[in-house]
Participant: 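Next up is a structure, given as structure tokens.
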Amino acid sequence: QSGAIDNDDGSGYYNTTRNFFVYGGYGQKADMAGHDMYHTDNVYAYLKSVCYVDLGGGEVSNVTHRNRHSNNTCIQGTTNPTYAA
């Protein structure tokens, strides 16, 4: 299941702003040391799963390198009541 945005494997410093993503498996995912992702003013529409998956970037120990989400809209396509994982 593919997502709209999959920032992992050390990806960093992406600015994803004012996009319309539709029919993804999920909205945005970051793990495996993905860090400093900025998601702002996006629409994630008719998703099969959660809107936002941040597995904590557990490999990133500095809390100033966390991902940030602001003013995004999530329209889930299923009865899944969960917004984030």
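Please read these numbers as outputs of a predicted model, since none were measured by experiment. All heavy atoms count here, side chains included; hydrogens, waters and symmetry mates do not.
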Participant: Between Q76 (side chain only) and Y46 (backbone N and O only), is there a donor and an acceptor less than 3.5 Å apart?
Facilitator: no
Participant: Can you name the nearest heavy-atom pair linking I75 to V43, along with the distance?
Facilitator: CD1-CG1, 4.4 Å
Participant: Could you report the tightest heavy-atom contact between T17 and N19, atom names first, then the distance?
Facilitator: O-ND2, 3.1 Å
Participant: Give the ring-plane orientation class for H69 versus Y44, where under 30° counts as parallel, over 60° as perpendicular and anything between as tilted.
Facilitator: tilted
Participant: Determine whether more than 12 heavy atoms belonging to other residues, nucleotides or ligands lie under 6.0 Å from atom CZ of R68.
Facilitator: yes
Participant: With rounding to the nearest 0.5 Å, note down the distance linking SG in C51 to CZ in F21.
Facilitator: 10.5 Å
Participant: Can you measure from CG (N67) to CD (Q28) and round to the nearest 0.5 angstrom?
Facilitator: 6.0 Å
Participant: If I compare all heavy atoms of G27 with all of L47, which pair ends up nearest, and what's the gap?
Facilitator: N-CD1, 3.7 Å
Participant: Rounded to the nearest 0.5 Å, what separation is found between the CG atom of N72 and the OG1 atom of T40?
Facilitator: 6.5 Å
